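Data block below; observations after.
Owing to the predicted nature of the structure, the values given are computational and were not obtained by experimental measurement. In what follows, every chain begins at residue 1, and chains take the letters A, B, ... in the order their sequences are listed.
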Number of protein chains: 2
Amino acid sequence: MATVTIGNSEFDRDTAVVRRAPGRYDTHLSAGWTIVHAVNGGYLLALIGRALADALPHPDPFTITAHYLTASAPGPAVVRTDTVRTGRTLSTATASLTQLREDGTEVERMRVIATYGDLDALPDDVRTTAKPPAIPPYEHCPGPDSAPGGRPPGVGSTALMDRLDLRLDPATCGWAVGAPSGKGEMRGWFGLADGRAPDALSLLLAVDALPPTAFEMGLSGWVPTVELTAHIRHRPAPGPLRVGITTRNLAGGFLEEDAEVWDSADRLVAQARQLARVGS
Amino acid sequence: MATVTIGNSEFDRDTAVVRRAPGRYDTHLSAGWTIVHAVNGGYLLALIGRALADALPHPDPFTITAHYLTASAPGPAVVRTDTVRTGRTLSTATASLTQLREDGTEVERMRVIATYGDLDALPDDVRTTAKPPAIPPYEHCPGPDSAPGGRPPGVGSTALMDRLDLRLDPATCGWAVGAPSGKGEMRGWFGLADGRAPDALSLLLAVDALPPTAFEMGLSGWVPTVELTAHIRHRPAPGPLRVGITTRNLAGGFLEEDAEVWDSADRLVAQARQLARVGS
């Protein structure tokens with residue numbers, strides 16, 4: 001494991017944004033965070049989240065919603081932010097991610113709204129009935145290269161998997177060997193491959209980094225996110241995260257996917273839900 | 001039960017918007033949908049949802065997110081919409097609700113982003129593992145006037161309760177008689193008092209109309225919504241709705257409240273989650 005730190009890692013370099021003017025940031029979408037042809041939605045959300053943290057007086061995304069309009073491509077992109085309201089403890093802004101088409105016209109990829117605060121300023125009270133997902137120990141969960149015959153289809157060709165240290169619970173890996181459980185559940189350990197510790201921004205990646213629950217439901221098509229909302233509830237402690245995602249309602253060609261992220265101190269650090277479209 | 005119809009009911013009249021220009025709607029926030037001093041957030045969302053349905057080529061909110069910036073007051077208000085993208089099956093827009101302060105300056109109440117589609121165009125497939133909330137029959141659930149000694153504090157003074165036919169599961173009513181269960185759960189039957197049938201817009205009210213789960217957790221303060229996201233998944237059948245709301249994680253002065261709404265045909269018609277702030 002490399003000795004990287006927050007601020008000096010693949011994730012930090014590849015989500016960097018450069019402020020060109022108030023509310024305008026230049027960036028480069030890295031080909032390293034793609035799934036087959038598409039740039040991962042959680043990576044894009046973290047990148048926009050970084051621009052918003054710069055634009056707003058508060059550092060942490062308490063609640064952030066993204067609508068995915070068109071598929072992003074690796075290459076140059078622009079984030080524009082617009083502050084809606086700044087308060088003492090919370091501030092709200094919108095953001096837009098755009099790229100240029102080959103003909104030079106602009107196309108919008110994502111529209112975001114978020115309310116930021118300071119996780120360190122929150123009181124320490126916890127009254128939770130939520131339980132961490134039951135995942136076997138890290139060393140008993142297979143990585144993407146553990147499947148017999150190498151990486152299964154839909155994983156093998158994703159650059160994203162080289163950025164992550166993702167270890168799925170074997171009980172939710174049936175899809176990878178052609179035997180999906182039929183249940184809308186996926187669980188696993190989540191880390192960054194270079195050992196970078198988690199923070200509020202990398203949680204925005206963690207909530208959308210597992211293979212889709214649809215795989216375990218026996219669907220093999222693409223499951224594009226229409227909208228994703230994440231609540232960051234606590235600054236994560238160092239160490240691997242546990243992520244559980246569940247789908248309860250697949251209907252009318254859409255499904256919801258709920259994500260929970262737990263840190264090494266057994267704190268529920270993020271809750272997210274996305275509405276996704278079931279491909280053919 | 002009055003013979004009202006969709007389009008001719010208290011809910012329709014009080015959420016009406018008048019287009020003054022493309023993307024600009026005048027409206028009046030009715031004092032009939034207040035909880036103590038504040039206008040109900042679900043009512044406001046339905047009103048903005050109606051403006052967006054007019055502005056966009058698609059009729060139904062598939063996913064809609066609202067950030068509640070400042071507390072709305074009964075009286076005149078303006079909704080401005082801005083179309084982000086229109087596609088064949090989905091279209092996306094933002095909206096803003098503003099009012100005038102006494103000094104004539106404008107103050108923003110809510111900022112919204114939504115993606116609309118056509119619920120009638122969806123295929124009929126359903127693969128859901130979600131189960132309707134276990135609620136006793138309608139006639140065994142008390143209305144707001146059934147509590148010994150009349151309406152409990154926090155309900156008695158809310159005009160909203162006169163607009164609704166809300167019947168709470170007795171198992172989640174302990175708070176009303178000073179004996180909260182301690183569990184973050186509330187369940188009940190939901191209808192409009194004048195008998196108006198549910199539709200996609202009234203579902204936006206239904207997801208935020210029950211007393212807060214915080215009451216059953218023994219908290220008595222105000223629980224203002226920071227952000228609410230609702231997914232409308234199916235057009236509701238006529239008849240009373242069942243609504244279940246749950247909170248699993250109360251921590252750091254915030255809680256999430258998840259809502260599920262089921263129609264009389266046992267379809268999961270709406271899923272929502274809000275991030276709320278725990279008052280003192």
Structural part of [X] lying under 4.5 Å from a heavy atom of chain A:
{"X": "Lys183(B)", "answer": "neither"}
{"X": "Ile64(B)", "answer": "neither"}
{"X": "Leu90(B)", "answer": "side chain"}
{"X": "Ala93(B)", "answer": "neither"}
{"X": "Glu260(B)", "answer": "side chain"}

Report, in residue-number order, which members of residues 245-252 of chain B are under 4.5 Å from chain A by heavy-atom distance.
Thr247(B), Arg248(B), Asn249(B), Leu250(B), Ala251(B), Gly252(B)
Donor-acceptor pair between [X] and [Y] side chains, under 3.5 angstrom:
{"X": "Thr65(B)", "Y": "Thr229(B)", "answer": "yes"}
{"X": "Thr92(A)", "Y": "Thr115(A)", "answer": "yes"}
{"X": "Thr172(B)", "Y": "Glu185(B)", "answer": "no"}
{"X": "Thr89(B)", "Y": "Arg277(A)", "answer": "yes"}

Can you check whether Pro133(A) reaches Trp262(A) side chain to side chain, under 4.5 Å on heavy atoms?
yes
Would you indicate whether the side-chain heavy atoms of Arg267(B) and Pro236(B) approach each other to under 4.5 Å?
no
Lys/Arg N to Asp/Glu carboxylate O, Asp60(A) vs Arg235(A), below 4.0 Å:
yes
Presence of salt bridge, Arg24(A) and Asp82(A), under 4.0 angstrom
no
Output yes when a side-chain donor or acceptor of [X] lies under 3.5 Å from a complementary backbone atom of [Y], and no otherwise.
{"X": "His231(A)", "Y": "Leu255(B)", "answer": "no"}
{"X": "Asp208(A)", "Y": "Asn40(A)", "answer": "no"}
{"X": "Ser264(B)", "Y": "Pro238(B)", "answer": "yes"}
{"X": "Gln99(A)", "Y": "Ser72(A)", "answer": "no"}

Is the centre of the Phe254(A) ring less than 6.0 Å from the centre of the Phe62(B) ring?
yes
What residue, out of Leu119(A), Val226(A), Asp124(A), has the most heavy-atom pairs lying under 4.5 Å from chain B?
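Heavy-atom pair counts peak at Val226(A).
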Give the member of Val126(A), Leu122(A), Thr94(A), Thr63(A) that has the highest number of heavy-atom pairs under 4.5 Å with chain B.
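When all of Val126(A), Leu122(A), Thr94(A), Thr63(A) are compared, Thr63(A) has the most.
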By a 4.5 Å heavy-atom criterion (distance strictly below it), what part of Leu219(A) contacts chain B: side chain, backbone, both, or neither?
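Just the side chain, heavy atoms under 4.5 Å.
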In terms of heavy-atom pairs under 4.5 Å with chain A, which of Pro123(B), Gly184(B), Ser96(B) leads?
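When all of Pro123(B), Gly184(B), Ser96(B) are compared, Pro123(B) has the most.
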Any idea which of Gln271(B), Arg85(B), Arg233(B) has the most non-hydrogen atom pairs under 4.5 angstrom with chain A?
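The residue among Gln271(B), Arg85(B), Arg233(B) with the greatest pair count is Arg233(B).
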Are there more than 12 heavy atoms of other residues, nucleotides or ligands under 6.0 Å from atom CZ of Arg101(B)?
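Yes, because the 6.0 Å sphere around CZ of Arg101(B) holds more than 12 heavy atoms from other groups.
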Under 4.5 Å, heavy atom to heavy atom: which of residues 105-114 of chain A reach chain B? Give them by number, or say none.
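So far as heavy atoms go, Glu108(A), Arg111(A), Ile113(A), Ala114(A) are the residues that approach chain B to under 4.5 Å.
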